[in-house]
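It should be emphasised that the depicted structure is a prediction, and the values quoted were computed from it without experimental measurement. Hydrogens, waters and symmetry mates are skipped; everything else that's a heavy atom, side chains included, is used.
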Protein chains: 2
Amino acid sequence: MTISEENYLKVIYHVSLVAPKGVSTNAIAGMLDTKASSVTDMLKKLADKNLVSYQKYQGVTLTDEGLHKAKMIVRKHRLWEVFLVEKLQFSWDEVHEIAEELEHIQSEPLIDKLDAFLGFPAFDPHGDPIPNAKGIINKVEKELLSEANLNQMYTCVGVKDSSTEFLQYLDKQQIALGSTIKILEKEPFDETLLVEINGKKLTISNKIATNLYIR
Amino acid sequence: MTISEENYLKVIYHVSLVAPKGVSTNAIAGMLDTKASSVTDMLKKLADKNLVSYQKYQGVTLTDEGLHKAKMIVRKHRLWEVFLVEKLQFSWDEVHEIAEELEHIQSEPLIDKLDAFLGFPAFDPHGDPIPNAKGIINKVEKELLSEANLNQMYTCVGVKDSSTEFLQYLDKQQIALGSTIKILEKEPFDETLLVEINGKKLTISNKIATNLYIR
DNA sequence: AATTATTTTTAGTTTTGTCTAAATTTATTT
DNA sequence: AAATAAATTTAGACAAAACTAAAAATAATT
């Protein structure tokens, strides 16, 4: 598999988690910053290799084989992110791009040994679950802060958006995974929240609240 | 820089260490398992980018810029090899191919942090020196076992050939970097050696002796 | 239901890195 | 020094992965 093919599989996987009835050509093009015509070409190739099922104009879904390959790429990406943060002292907003490269290194023993070296982590630095060697994903109940109840104690367990900007905002506000969070007030007009995080009061926009997972 | 360009630079660097007056097209083709015509094409491109000086039929040498780039690739390769052996428990005969991929990951901070994580190692698992971030290489006196004196104590410090076959042979004979070695006899006809390694007597062919560095 | 808009696909190019086959240059022999 | 051999380069072609522009299919509107 080429790096390009792997990137397509990975994107199809991510999109299919929220659009399970088939991923559109344009959605893939958007995520990969490429043109729809390029996507069509690649979908044909992936279909020939039996990694996706593809019918003209009908969107695409992963085959069992494609799904497994996609999960292994995600596994590698997330394990490398753990390595970068835990062992090399990168901060959580710096690791995504490096992991985008590392995820394409081809060596099963490497990944299994890395996994062991890291102590078989279940989650990456952004709270996303890490598929095990068989592709099984440890699902955990979580919801968006925007859907949480007032005056109930939650723990911050993940981010939906893992862009540098958002992560640095969280750092600035000293919000990290594991932080405790309680909604004190919700403004009905724009859904701005007044929350208590690690004991401190803070006002949070709806955009923030829809990108923070809690439990 | 593409992976292919990096591989050419690396090969030119390695060959130029033993053939300093210009590296031939065929030598590069041989190392990269490609055709001479492909090499010519690439040399033109590298010359355009000012990474090599190239004149038709006259072989090629690295420019200062090309030399530095090549050293950085070698640095990455060797640091990753240390990581694989020291941290992930790979054996020294398993790491070359994986490092061939890892050496192309593009991130300066990654390499500097990896270097620090590993404790700024000076040598890789095969005894080859690791260039520092500035490209400076800690040169160390060493010679081939085939050129050593009789009845003098040496330490094994490196291998010239780092193929799986050779390294596994060394493992089988319990020869490792740091092993002490003394030549007891040299057969004049074929230069086979009788040596004492870590206290045990062993017969060693000239081919082995010309691939083992000692000090 | 017809028209318009959007999405997707097709057809034809481009770039990168490779190849083969032929031509050219350099090196080696006789 | 001429002839032969070896090495190198050129010319033209190909596959992968992208692109543009036009055509076709689907979706949304009036």
Side-chain angles (χ1 to χ4, degrees), chain A residues 1-13 15-16 18-62 66 69-70 73 100-101 103-104 106, chain B residues 1-16 18-62 66 69-70 73 100-101 103-106:
Chain A
M1 276 226 291
T2 66
I3 290 175
S4 190
E5 289 172 337
E6 291 196 339
N7 283 332
Y8 274 89
L9 281 190
K10 187 182 53 165
V11 160
I12 295 166
Y13 172 73
V15 176
S16 68
V18 293
K21 61 211 149 204
V23 176
S24 77
T25 302
N26 259 5
I28 299 168
M31 299 274 283
L32 285 171
D33 199 29
T34 184
K35 294 297 156 75
S37 54
S38 309
V39 175
T40 301
D41 289 346
M42 182 58 91
L43 293 183
K44 287 179 185 167
K45 193 201 296 191
L46 293 174
D48 286 345
K49 295 190 172 188
N50 199 36
L51 297 168
V52 301
S53 19
Y54 166 63
Q55 301 195 120
K56 276 192 190 180
Y57 297 103
Q58 298 314 123
V60 73
T61 54
L62 293 170
K69 290 251 164 75
I73 299 162
E100 289 282 297
E101 290 191 59
E103 73 191 3
H104 300 295
Q106 302 290 2
Chain B
M1 276 224 293
T2 66
I3 289 174
S4 190
E5 288 172 338
E6 291 197 338
N7 282 332
Y8 275 88
L9 281 189
K10 188 182 54 166
V11 160
I12 295 167
Y13 172 73
H14 285 309
V15 177
S16 67
V18 292
K21 60 210 150 207
V23 176
S24 77
T25 302
N26 260 4
I28 299 168
M31 299 274 285
L32 286 171
D33 199 28
T34 184
K35 294 297 155 72
S37 55
S38 308
V39 175
T40 302
D41 288 346
M42 183 58 90
L43 293 183
K44 287 178 185 166
K45 195 202 293 190
L46 293 174
D48 286 345
K49 294 190 172 186
N50 198 36
L51 297 170
V52 301
S53 16
Y54 166 63
Q55 301 196 119
K56 274 191 194 182
Y57 299 103
Q58 297 316 121
V60 74
T61 54
L62 292 170
K69 289 250 164 76
I73 298 162
E100 288 282 295
E101 290 191 59
E103 73 190 3
H104 301 295
I105 303 293
Q106 302 290 3

A:Val60 and A:Tyr8, any side-chain heavy atoms less than 4.5 Å apart: no
Are A:His104 and B:Ile105 side-chain neighbours, meaning at least one heavy-atom pair lies under 4.5 Å? no
Atom CG of A:Asp41 and atom P of D:dA21 are separated, to the nearest Å, by 17 Å
Give the rounded distance in Å between these two atoms: CD of A:Gln58 and P of D:dT26. 6 Å
Please determine, for the side chain of A:Ser37, which listed nucleotide (D:dA21, D:dT10, C:dT8) has the closest atom? D:dA21
Spacing between B:Leu46 atom CG and D:dT9 atom C1', to the nearest angstrom: 16 Å
Look at all strands and tell whether B:Ser38 reaches a base, only sugar-phosphate, or nothing, counting heavy atoms closer than 4.0 Å. base
Mark yes or no for a side-chain to base donor-acceptor pair under 3.5 Å between B:Ser24 and D:dT8, with no hydrogen or angle criteria applied. no
Under-4.0 Å salt bridge between A:Glu5 and A:Lys49: yes
Between the base of C:dT9 and the side chain of A:Thr25, is there a donor-acceptor distance below 3.5 Å? no
Can you find a side chain N or O atom of B:Tyr8 that sits less than 4.0 Å from OP1 or OP2 on C:dT18? yes
Rounded to whole Å, please give me the gap between CG in A:Leu43 and P in C:dT10. 11 Å
Exactly one candidate in B:Ile28, B:Val39, B:Val11 meets side chain to side chain contact (heavy atoms under 4.5 Å, CB included) with B:Thr34; the answer is B:Val39
Could you tell me how far apart A:Tyr57 (OH) and D:dA28 (C1') are, to the nearest whole angstrom? 17 Å
Output the rounded distance in Å from CD (A:Gln55) to P (C:dT8). 15 Å
If only side-chain N and O atoms of B:Lys44 are considered, is one of them under 4.0 Å from the OP1 or OP2 phosphate oxygen of D:dT9? no
At under 4.0 Å between heavy atoms, what does A:Ser4 touch on the DNA or RNA strands: base, sugar-phosphate, or nothing? sugar-phosphate
Could you go through A:Thr25 and A:Leu43, starting from their C-alpha distance and side-chain angles, then the distance that decides it, and tell me whether this counts as side-chain contact (heavy atoms from CB on, under 4.5 Å)? CA-CA 9 Å; A:Thr25 302; A:Leu43 293 183; 4.2 Å; yes
Grab the NZ-P distance between B:Lys56 and C:dT25 for me, whole Å please. 8 Å
Closest nucleotide among C:dT7, D:dA18, C:dC19 to the A:Asn26 side chain: C:dT7
Round to the nearest Å and state the distance from A:Lys35 atom NZ to C:dT10 atom C1'. 17 Å
